[in-house]
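These notes are about the structure you will find just below.
Fair warning: this is a prediction, and the values are worked out from it, not measured in the lab.
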Amino acid sequence: MELNEQQRMAATYDGNAKNILVTAGAGCGKTRTIIARAIHLIKSDIDASRILMMTFTNRAAKEMKARLKGEIGPVSEQIQAGTFHSFCLKAMSKAPKSFGIEGLNIIDADDQQSFMTLVRKRHISKHEKKLDKEFPKPAELIKYYSYSRNTCQEPRRYLVDNTDINEEHIDICCRIFIEYQKAKKSKAYLDYDDLLEYFSSALARKPDLKKAVTRLFDEVLVDEMQDTNPLQFRILKHFSDEDVRLFCVGDPAQSIYRFRGAEFRHVYDFQEIFKNSEILRLSLNYRSYQEILDFSNWLLERSPLDYNNALLADRGNGCDLPTMSEFDSNLDEASWIADKILERRETDIQFRDIMILVRSGYDARPIEAELVRRKIPYYFVGGTSLTKLAHVRDVLSLLRIVRNEQDDLAWMRFLKLWPRIGDKTAEKLVNSFYECDGVKPIEILTGSLGTSHPAISAHKQTSSNQSSPKVCISTAVQALTPILEERYDKWDFRNQDLKLLITVSERYKSISEFIDAFTLEPMTGTEIEKLEIDDAVLLITVHSAKGTEAPICFVANAKQGTYPHSRSYGDIESEEEERRVLYVALTRAKNELIVTRSTDHNSGFYVQNKATEGEEYFLSGIPEHLISKEIHGWNSDYSNGLSTLRDIY
């Protein structure tokens, strides 16, 4: 594997430090470096089975495995590589009693909401209209509880410090959280947070278990270290406490997931947290021309924090200066972006070589509408996940009850698919499953509905084909298609989602493995469009854009109130994360960077580009040698008028 000097020094480090942090700037080859580290360890006679590689998505883990296999062959398969959640799930499945769990039925976000809704109803009656209106909704309760767990805070302390909920309501919230946790445990359900918390707390309580698990490995390699939250960080500390070596790769300048609990200080204060440690830096960028990096470096240099990693382009200089284009409205901005895309297409540039980055899905709407109007093929990333689509969840409910007939949530959804079975009837049927000991739920259901009922037939057909995930899912889809086609419009389009389910299932050995993996790492619905369209523009939110790049990048709606977001004003930590969000957007561009913004009065951004007094705006005061400015529409006339006045007077 070819490495530059910085990468080689990091990958082959053999000094006295036990814990290594490699700060790898955008486009500096961090994945290459962590893979090279694994290869170096194996060539240094470290047993491959004693190497653990952890990252944040199954997609990234699969990429690492594929690249390792290409470099060193079958021995790479002995390395354990996966997400924090999948590693904890695998470890606990080997010895569930040691971790204090019974069963491993993973529930996703929608199941969590269903569960939380049931628990909330027991404490907040709909008849208490004022209380019901003021009290946090189920989605908010889940968010608060999840964030407190991932940041290792007591729920009460988190609610007091971070919300404006009154004391009486906080008491009710805490009771709901306790009951929610008990309700899950009674059904042997685990949500995403349980996977991490049960694993970490068991190791903290049981020193012998901690030694047994952590000492299975000599080396732990961590990708995207800047994205770890305190709960994940505790897991890494368990390994470090037992003298397992940590090799972490991350970039403090790309820490942008605070809303998920990610802690920027894990990388920024690495040497203070891990005393026996060393920091190595990668600053040679292979993605962008220097003109783009100079602009990105300038943005970081204005920060009160010292990121200490100005990027240097391996490609050198070679492109035009980044462009800053201003418009009267976001509609004009969207129209101009579409014009530029079509102009590039006429010069034989492919649509797939163009990326449009937006701060949020809301910011994407006018651009998306314009792309549709102009018939420019595109796909949007940052939208609804495939597992949140109703028809997909219907099929998954059947698969889940085939796997585990005690899955009440899946039964409720499955039963309500059929005519004349509503909430009350479904609940009555599910409750009847527990009235006859030793009798299987499907037998009780058959007695209630009759052997010819399509629900019974669908279950029977699917359960008899579990040997192959692909056959099992194909059978479930075929059995449910008549009722789903009747329930949903645009069936031809929706059916493509189900075909994708069948295709994806080929990667898994069992239906249980498929359900767990698909729940832990849901595929976005728009990936279907990506698979079907070979040449399309990528419209993407910045938080979804980590790891992506394109020859031509538009960073749209880059106005005051967006960078930084207006909600962050006055909070230094929040404002600095917003700076990093913009930095991630700018560093996606390889050959051409175009920043656009509009001056409509609702945006809080005006012609002179001056931030409102007391409010930061990251793109004010850009040196002229770093960027080329263009003004369109009314602003252009206004600026020309000012120039004329200056000439006259």
Side-chain angles (χ1 to χ4, degrees), residues 26-27 256 287-288 292 295-296 299 319-320 322-347 349-384 524-527 529-530 532-559 561-563 565 578 581-600 603 605 618-619 627-628 630 632:
I256 62 172
R287 176 183 298 155
S288 309
I292 294 169
F295 184 23
S296 306
L299 178 68
C319 70
D320 293 333
T323 301
M324 173 76 75
S325 295
E326 301 171 8
F327 303 88
D328 295 341
S329 71
N330 58 9
L331 296 179
D332 291 340
E333 180 182 4
S335 178
W336 185 86
I337 289 173
D339 286 341
K340 289 298 176 185
I341 290 171
L342 292 174
E343 285 178 15
R344 300 298 193 278
R345 188 67 188 88
E346 289 177 2
T347 61
I349 290 173
Q350 302 297 304
F351 287 129
R352 61 173 170 266
D353 291 333
I354 300 171
M355 183 190 302
I356 308 170
L357 295 116
V358 290
R359 182 67 179 78
S360 68
Y362 179 82
D363 294 328
R365 288 173 186 169
I367 298 172
E368 196 167 9
E370 190 65 19
L371 295 176
V372 170
R373 189 177 75 83
R374 301 289 194 92
K375 296 183 172 56
I376 297 174
Y378 76 98
Y379 58 99
F380 176 52
V381 173
T384 305
T524 59
T526 48
E527 286 186 59
E529 297 171 54
K530 183 176 179 179
E532 292 178 345
I533 303 173
D534 290 332
D535 188 26
V537 171
L538 172 57
L539 176 61
I540 190 168
T541 62
V542 183
H543 281 98
S544 301
K546 290 277 291 293
T548 63
E549 60 183 35
I552 301 171
C553 285
F554 293 85
V555 178
N557 200 35
K559 59 193 177 187
T562 303
Y563 295 108
H565 196 282
E578 292 293 307
V581 171
L582 179 56
Y583 174 79
V584 168
L586 299 180
T587 53
R588 300 308 95 193
K590 297 170 69 175
N591 303 338
E592 186 177 2
L593 174 63
I594 304 165
V595 181
T596 65
R597 59 191 182 189
S598 60
T599 60
D600 46 289
S603 73
F605 171 80
F618 295 145
L619 297 181
I627 198 158
S628 173
E630 297 179 358
H632 303 267

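- At a threshold of 4.5 Å between non-hydrogen side-chain atoms, the residues Met355 and Lys590 do not count as touching.
- Nearest heavy-atom pair, Ala334 versus Pro366, reported as atom, atom and distance to 0.1 Å: CB-O, 3.6 Å.
- When every heavy atom of Ala545 is checked against every heavy atom of Arg588, the shortest pair comes out as O-CD, 3.5 Å.
- Taken from CZ in Arg345 to CG in Asp353, the straight-line distance is 9.5 Å, to the nearest 0.5 Å.
- Within a 6.0 Å sphere centred on CG of Asp320, other residues, nucleotides and ligands contribute 12 heavy atoms or fewer.
- No side-chain heavy atom of His565 sits under 4.5 Å from any side-chain heavy atom of Val581.
- If you run side-chain contact (heavy atoms from CB on, under 4.5 Å) between Leu586 and each of Leu357, Val595, Ile292, only Val595 comes through.
- Rounding to the nearest 0.5 Å gives a distance of 11.0 Å between CD1 of Ile337 and CD1 of Ile354.
- Ser296 has its side chain out of reach of Leu299: every pair of non-hydrogen atoms, C-beta onward, lies at least 4.5 Å apart.
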Checklist entry - Checking side-chain contact (heavy atoms from CB on, under 4.5 Å) for the pair Thr541/Phe380: CA distance, chi angles, key distance, verdict? => result CA-CA 8 Å; Thr541 62; Phe380 176 52; 4.0 Å; yes
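- Here the side chains of Arg344 and Gln350 are not in contact, with every heavy-atom distance at 4.5 Å or above.
- For the residue pair Tyr563 and Val542, the shortest heavy atom distance occurs at OH-CG2, 3.6 Å.
- In this structure, Lys546 NZ and Thr587 OG1 are separated by 9.5 Å, a value rounded to the nearest 0.5 Å.
- The shortest side-chain heavy-atom distance between His543 and Val584 does not fall under the 4.5 Å cut-off.
- In plain terms, the two heavy atoms of His632 and Asp328 that are nearest each other are O-OD1, 3.7 Å.
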Item to check | Residues Ile376, Glu370; criterion side-chain contact (heavy atoms from CB on, under 4.5 Å); working and verdict | outcome: CA-CA 9 Å; Ile376 297 174; Glu370 190 65 19; over 6 Å; no
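- Atom CD1 of Ile367 and atom CD1 of Ile341 lie 8.5 Å apart (nearest 0.5 Å).
- Of the possible donor and acceptor atoms, one in the side chain of Ser288 sits under 3.5 Å from a partner among the backbone N and O of Ala589.
- Interatomic distance, CH2 of Trp336 versus CD of Glu326, reported as 11.5 Å (0.5 Å rounding).
- Put simply, the side chain of Ile356 reaches to within 4.5 Å of the side chain of Leu371, judged on heavy atoms.
- Residues Lys559 and Ser598 are in side-chain contact: their nearest non-hydrogen atoms beyond the backbone lie under 4.5 Å apart.
- For Asn591 (side chain) and Ile552 (main-chain N/O), no donor-acceptor pair under 3.5 Å exists by modelled atom type.
- The backbone N or O of Phe327 sits nowhere less than 3.5 Å from a side-chain atom of Glu333 that would complete a donor-acceptor pair.
- Using a 4.5 Å cut-off on side-chain heavy atoms (C-beta onward), Val358 and Asn557 make no contact.
- Distance CZ/Phe554 to OG1/Thr323: 9.5 Å, rounded to 0.5 Å.
- Checked by atom type, the side-chain pair Ser335/Asp332 shows no donor-acceptor distance below 3.5 Å.
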